[in-house]
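The structure displayed is predicted, hence computed values, not measured ones. Naming convention: chains lettered A, B, ... in sequence-line order (proteins, then strands); numbering from 1 in each chain.
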Amino acid sequence: MKLYDTAEGKVTELTLRNPKEVSMYVCGPTVYAPPHLGHGRFALNFDILRRYFLYLNYKVIYVSNITDIDDKIIQRANQENKLTNEIAATYENKWFEDMGKLNILKPTYSPHATEYIEAMVDLIKKLVEADYAYETEDGIYLEVSKIQNYGFLSGQDVNSLKSGARVEINEKKKSPLDFTLWKLSKPSEPSWPSPFGMGRPGWHTECVVMSLQLLGEGFDIHGGAQDLIFPHHENEVAQATALSQKFAKHWVHCGFVTVSGEKMSKSLNNYTTLEELLAFHDARSLRLLILQSHYRSPLEITKETLETADNALARLDSAYRRFKDQHLDLPDNSSIKTMYSKYFEEFELAMNNDLDTPKVTSQIFNLISQANTMADNGQIQEGAEIFAVTKIICESLGLELKDSSEELDPTTLDLVAKRDAARINKDFKAADEIRNRLALLGWTVEDTALGTRVHR
RNA sequence: GGCGGCGUGGUCGAGUGGUUUAGGCAGGGGCCUGCAAAGCCUCGUACGGCGGUUCGAUUCCGCCCGCCGCCUCCA
């Protein structure tokens with residue numbers, strides 16, 4: 001399988017530490033606010049990658065951290081007059097609630113920063129002892145100039161980094177590029193003991209410690225969104241390098257969600273929360289929309305693009321209803337895979353090419369057309385089998401198809417029955433009136449050879 | 001200033017050195033249907049600009065224009 005590797009700047013063959021197992025670390029959220037579409041995208045992109053490994057029968061160890069202590073959490077706690085751990089708990093719950101709605105698999109491990117403080121202190125101690133870190137009046141810093149190859153991940157030349165481009169330079173540091181390992185706390189702030197004084201760990205230290213501890217040296221994939229490449233991931237590498245620890249083998253970064261061409265972010269205040277989106281759209285539409293574009297490209301997520309995805313999804317669901325109603329005896333999934341191996345080969349070929357999910361969605365819609373055409377021509381069984389292929393592919397990407405008529409309530413069922421009766425009596429006026437009523441209730445009626453079908 | 005990326009038909013969004021098309025959505029026409037819905041068939045010939053390489057470039061190279069990202073916390 002080929003994946004783009006940020007460090008190499010090109011698509012390369014993915015090699016695994018252990019041939020049957022994939023170890024991946026994906027930087028998780030800092031829990032101080034509800035997740036927005038940008039979070040949804042990266043979580044979905046990496047969920048899709050993970051599920052594809054599962055489809056290929058790899059064992060996947062998926063680690064994604066929860067940053068539950070940092071400046072923003074403290075700030076939020078102060079604003080709301082709450083404890084930092086209350087804020088963290090609230091938004092961690094919100095995170096997993098929304099992730100659940102998006103059908104994102106839970107990480108194998110979700111380590112919390114606050115559970116790894118001792119290990120972080122140990123790492124910082126080693127860095128200080130090895131003379132890679134120094135102390136100032138407000139904390140411990142890593143001295144970047146001592147790191148060989150600093151900048152290799154992000155392709156940055158240390159000398160040409162424009163320090164202080166948009167932020168004030170901290171005069172206490174030896175170099176503006178040096179970054180915090182341990183931040184000494186002010187009296188009112190949450191703090192943990194360390195040989196350097198009471199304080200809290202720097203963000204970049206968290207991820208190195210937790211990834212190496214849970215996955216071990218030389219783990220396979222480290223992921224995140226593109227804004228983490230520099231300095232966050234570069235700084236993680238720097239710490240591992242300083243301690244001669246083998247770090248991630250392969251770096252995967254996904255693109256941003258954009259709003260009118262600009263990055264969606266908290267600071268630009270142009271974001272939409274996942275909750276807001278889910279109030280008006282099927283969560284599956286977001287997944288489909290994300291599958292239809294490449295994970296490294298910027299993606300506009302708007303009312304219009306989501307409505308488009310809603311409609312496209314309806315096409316998939318409608319095929320699902322159609323073949324489900326036939327009540328056919330279909331071969332099991334593994335037989336389907338054998339019988340229609342060429343479609344699965346096509347699927348894998350696309351996915352193996354740096355996750356070409358847009359090509360896969362194109363394949364999915366072509367298969368749907370093929371299945372429908374067959375069924376229209378009386379080849380119901382073959383059509384249903386082709387549809388089964390499609391369904392397996394969709395589900396392997398976390399896209400579940402469903403029949404909304406399963407949610408029918410008795411009142412609606414009664415209306416449907418009355419309309420059927422009217423139609424049998426050729427009382428089309430009455431039948432159409434009922435159909436209009438159903439439409440007002442949000443139900444669309446389909447009269448099919450197998451009876452009346454109603455769906456959202 | 002350094003590094004990285006983008007500019008595709010009404011729209012979203014892939015991809016590719018050339019013969020036949022990504023795909024979705026929207027739209028036109030048709031079949032089917034009591035009418036619809038769903039489905040099927042069908043129509044629309046696009047790749048920012050200027051050069052270069054080539055038998056041939058949207059696809060490679062150079063330059064230019066426009067846009068965006070990172071160099072601060074950021075998914």
Polar atoms only, N or O, under 3.5 Å: list the protein pairs with nucleotides 5-11 of chain B and their distances.
none

Salt-bridge contact A:R287-A:D47 (side-chain N to carboxylate O under 4.0 Å)
yes

ring-ring contact (aromatic ring centres under 6.0 Å, His included): pairs with one or both residues in residues 342-381 of chain A, sequence neighbours excluded:
A:Y52-A:F347, A:Y55-A:F347

Short heteroatom pairs, N/O only, protein and nucleotides 15-22 of chain B, under 3.5 Å:
none

Which residues in residues 444-456 of chain A have a heavy atom closer than 4.0 Å to any atom of RNA chain B?
A:T444, A:V445, A:E446, A:D447

Under a 4.0 Å heavy-atom cutoff, the residues of residues 36-45 of chain A touching RNA chain B are A:H36, A:G38, A:H39, A:F42

Any donor-acceptor N/O pair under 3.5 Å between B:A38 base and A:R322 side chain:
no

Touch check for [X], heavy atoms < 4.0 angstrom, all strands: base, sugar-phosphate only, or nothing?
X	answer
A:P231	sugar-phosphate
A:K72	base
A:F230	sugar-phosphate
A:Q156	base

Quick check: do A:D354 and A:R296 have side-chain heavy atoms less than 4.5 Å from each other?
yes

Testing the 3.5 Å rule here: is there a donor-acceptor pair between the side chains of A:D317 and A:H455?
no

[N] and [M]: how far apart are their [atom1] atoms, nearest whole angstrom?
N	M	atom1	result
B:U20	B:U45	P	15 Å
B:C70	B:G49	P	29 Å
B:U21	B:C55	C1'	25 Å
B:G51	B:A57	C1'	13 Å

For the pair A:H253 and A:W251, name the ring-plane relationship: parallel under 30°, tilted 30 to 60°, perpendicular over 60°.
parallel

Side-chain N or O of A:K263 closer than 4.0 Å to phosphate OP1/OP2 of B:C70
yes

Is the shortest side-chain N/O distance from A:S318 to OP1 or OP2 of B:G39 below 4.0 Å?
yes

Non-neighbouring partners of A:L408 that pass side-chain contact (heavy atoms from CB on, under 4.5 Å), sequence neighbours left out
A:S405, A:T412, A:L413, A:W443, A:V454

Go through the structure and list residues passing side-chain hydrogen bond (donor to acceptor under 3.5 Å, both in side chains) with A:Y62, not counting sequence neighbours.
none

Could you state the atom-to-atom distance from [atom1] of [X] to [atom2] of [N] in whole Å?
X	N	atom1	atom2	result
A:N235	B:C70	CG	C1'	13 Å
A:R419	B:A37	CZ	P	12 Å
A:R423	B:G34	CZ	P	8 Å
A:M264	B:G69	CE	C1'	15 Å
A:I386	B:C40	CD1	C1'	16 Å

Among B:A75, B:C73, B:A36, find the nucleotide with the atom closest to the side chain of A:A225.
B:A75

Where RNA chain B forms runs of at least three Watson-Crick or G-U pairs (i with j, i+1 with j-1, under 3.5 Å), the stems are B:1-7 with B:65-71, B:10-12 with B:23-25, B:27-31 with B:39-43, B:48-52 with B:60-64

What salt bridge (Lys or Arg N to Asp or Glu O under 4.0 Å) pairs are there with at least one residue in residues 445-456 of chain A, not counting sequence neighbours?
A:R321-A:E446, A:D325-A:R453, A:R419-A:D447, A:R423-A:D447, A:E446-A:R453

Residue set satisfying salt bridge (charged side-chain N to carboxylate O under 4.0 Å, His left out) with A:D227, at least two apart, ordered chain then number -> A:K263

Enumerate all atom pairs, one protein N or O and one N or O from nucleotides 41-48 of chain B, separated by less than 3.5 Å.
none

What's touching nucleotides 25-29 of chain B from the protein side, N or O pairs under 3.5 Å?
unit_1	atom_1	unit_2	atom_2	d
B:C25	O3'	A:N311	ND2	3.4
B:C25	O2'	A:T308	OG1	3.4

